[in-house]
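Okay, structure first, notes after.
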Amino acid sequence: MLCYSFCGLRVASVALFATLSVCQATAGDVSPQTGESRWALVWSDEFDGPDGSRPDAAKWKFEVGGNGWGNHELEYYTNRPKNSFLLGGNLVIQAVKEKFTGPDHVARDYTSARMTTKGFFEQAYGRFEARIKIPRGHGMWPAFWLIGNDFGKIGWPGCGEIDVMENIGKEPSTVHGSMHGPGYSGDNDFTSVYKLPGGVNFFDGFHVFAIEWEPGSVRFFVDQELYATFTPSRLPAGRKWVFDHPFYIILNVAVGGVWPGPPDSTTVFPQAMLVDYVRVYKAQKGS
């Protein structure tokens, strides 16, 4: 999510190294050679459990704490039902304005949730997509992103990070797609933006956010529209491409931080990110 724990502080960045284009591509693309779908589903969560139930504990775990997460965030991430639950066929990650002190004695004025597939599911390459309705309001920072599974061994940004979707509340019609690695992180990451036309805001409805990741290429999509492609050829001289190993998934809603700024008097709580599904595909052989 632009910065992982213990990374440097992050401010709004300029789009760098993005090859921009517009086309149509979906997980149902048909191979002209075989007539079959290009992608095969290998993992998903449809969040179809009973209303009020918890996320599937065999697919997700919670990252808990209020240490700012390297970004001076203002929330305390909890594993409480108040901050994450299923409702109407969606996962709800809910940010609440409340006084909260965690077991580590850290006190915060907001709570939220941060969920990860670490230890349950990780994959190198493929199509990663989620259908999401983001929260609204200054200071909100929802994200759908991936972290390299060697984070615990080599740390960030050497492990690599792929931000499939991030939004900051003061930019309601814009989302960011970014990649971080050693020597191209923080303000110097690969990043590009997608802006909805006609003054439409992302919080007004659901949108599908996806990447298609292959050796030497990561393509970013919103609602089937390709808007950025990142490749090793765009790296600064001497920098290493660190996107050839498995990554795991993170979903979270941060409150505040250096990049989005804090909530203001116009921000109404609670705010929630709704996730209809998360799906991961692998390329079919020969496609």
Side-chain angles (χ1 to χ4, degrees), residues 1-3 9-15 63-78 80-85 87-88 90-102 106-115 130-145 163-178 186-187 191-209 222-223 227 250-276:
M1 119 176 227
L2 292 175
C3 293
L9 299 181
R10 161 77 183 193
V11 296
S13 60
V14 177
E63 294 186 323
V64 174
N67 60 9
W69 301 90
N71 306 301
H72 289 190
E73 298 168 28
L74 302 178
E75 80 292 321
Y76 197 106
Y77 287 126
T78 85
R80 301 178 305 161
K82 187 174 186 176
N83 296 117
S84 57
F85 53 92
L87 183 66
N90 299 309
L91 167 68
V92 180
I93 296 182
Q94 182 167 256
V96 179
K97 185 176 183 179
E98 59 177 336
K99 299 288 186 182
F100 183 86
T101 301
V106 173
R108 292 292 185 181
D109 293 329
Y110 304 90
T111 60
S112 188
R114 174 166 162 150
M115 297 167 46
R131 185 171 183 263
I132 295 173
K133 183 178 181 182
I134 67 168
R136 71 170 72 191
H138 196 98
M140 305 310 302
W141 187 2
F144 164 41
W145 51 302
D163 301 313
V164 186
M165 181 282 297
E166 293 181 288
N167 166 265
I168 55 173
K170 60 188 176 184
E171 299 177 349
S173 63
T174 300
V175 293
H176 298 247
S178 308
D187 295 343
T191 191
S192 190
V193 299
Y194 181 93
K195 187 170 183 178
L196 288 172
V200 178
N201 296 316
F202 275 101
F203 58 65
D204 287 329
F206 282 88
H207 297 271
V208 177
F209 305 99
V222 173
D223 294 332
Y227 71 95
I250 301 176
L251 295 168
N252 70 291
V253 176
V255 181
V258 174
W259 189 32
D264 62 19
S265 61
T266 67
T267 309
V268 177
F269 285 91
Q271 284 293 326
M273 178 168 76
L274 307 182
V275 185
D276 181 22

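- For F100 and Y76, the ring centers sit closer than 6.0 Å to each other.
- Without hydrogens or angle criteria, N67 side chain to W69 main chain gives a donor-acceptor distance under 3.5 Å.
- No side-chain heavy atom of D109 sits less than 4.5 Å from a side-chain heavy atom of L74.
- In this structure the side chain of V222 reaches within 4.5 angstrom of the side chain of F209, judged on heavy atoms.
- Distance check: L91 CG to M273 CE gives 7.0 Å after rounding to the nearest 0.5 Å.
- Listed for the D163 side chain is no donor-acceptor partner under 3.5 Å among the backbone atoms of G177.
- Between F269 and Y110, the ring-plane angle classifies as tilted under the 30° and 60° cut-offs.
- In this structure N201 satisfies the side-chain contact (heavy atoms from CB on, under 4.5 Å) test together with P172, S173, F203, D204, sequence neighbours excluded.
- At least one side-chain heavy atom of N167 sits less than 4.5 Å from a side-chain heavy atom of V175.
- By the 4.5 Å heavy-atom criterion applied to side chains, T267 and K97 are not counted as neighbours.
- Separation of atoms CD (E98) and CG (N83) is listed at 6.5 Å; rounding is to 0.5 Å.
- Between atom CD1 of residue I134 and atom CE of residue M140 there is a gap of 10.0 Å, rounded to the nearest 0.5 Å.
- Summarising the geometry of E166 relative to S178, their closest heavy-atom pair is OE1-OG, 4.5 Å, with the distance given to 0.1 Å.
- Inter-residue side-chain proximity for F144 and V275 is flagged as unmet; no heavy-atom pair is nearer than 4.5 Å.
- Atom OG1 of T78 is separated from atom CD of E63 by 13.0 Å, given to the nearest 0.5 angstrom.
- Within the 4.5 Å cutoff, side-chain heavy atoms of R131 are placed close to those of F206.
- Listed here is the closest heavy atom pair of S112 and E75: CB-CG, 4.1 Å.
- Taking CE of M115 as the start and CD1 of I93 as the end, the distance is 5.5 Å to the nearest 0.5 Å.
- Inter-residue side-chain proximity for Q271 and V253 is flagged as unmet; no heavy-atom pair is nearer than 4.5 Å.
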Given V255 and E73, is the side chain to side chain contact (heavy atoms under 4.5 Å, CB included) satisfied, shown in steps?
CA-CA 6 Å; V255 181; E73 298 168 28; over 6 Å; no

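- Residue P260 comes nearest to H138 through the heavy atom pair O-NE2, 3.7 Å, listed as atom of the first residue, atom of the second, then distance.
- Residues W145 and N252 bring a donor and an acceptor atom of their side chains to less than 3.5 Å of each other.
- Between W259 and N71 the shortest side-chain heavy-atom distance does not fall below 4.5 Å.
- Under the 30°/60° scheme for interplanar angles, the aromatic rings of F202 and H207 are found to stand perpendicular.
- Looking at every heavy atom in both residues, S84 comes nearest to A113 through CB-CB, 4.0 Å.
- For the atom pair OH (Y77) and OG1 (T111), the distance works out to 11.0 Å, reported to the nearest 0.5 Å.
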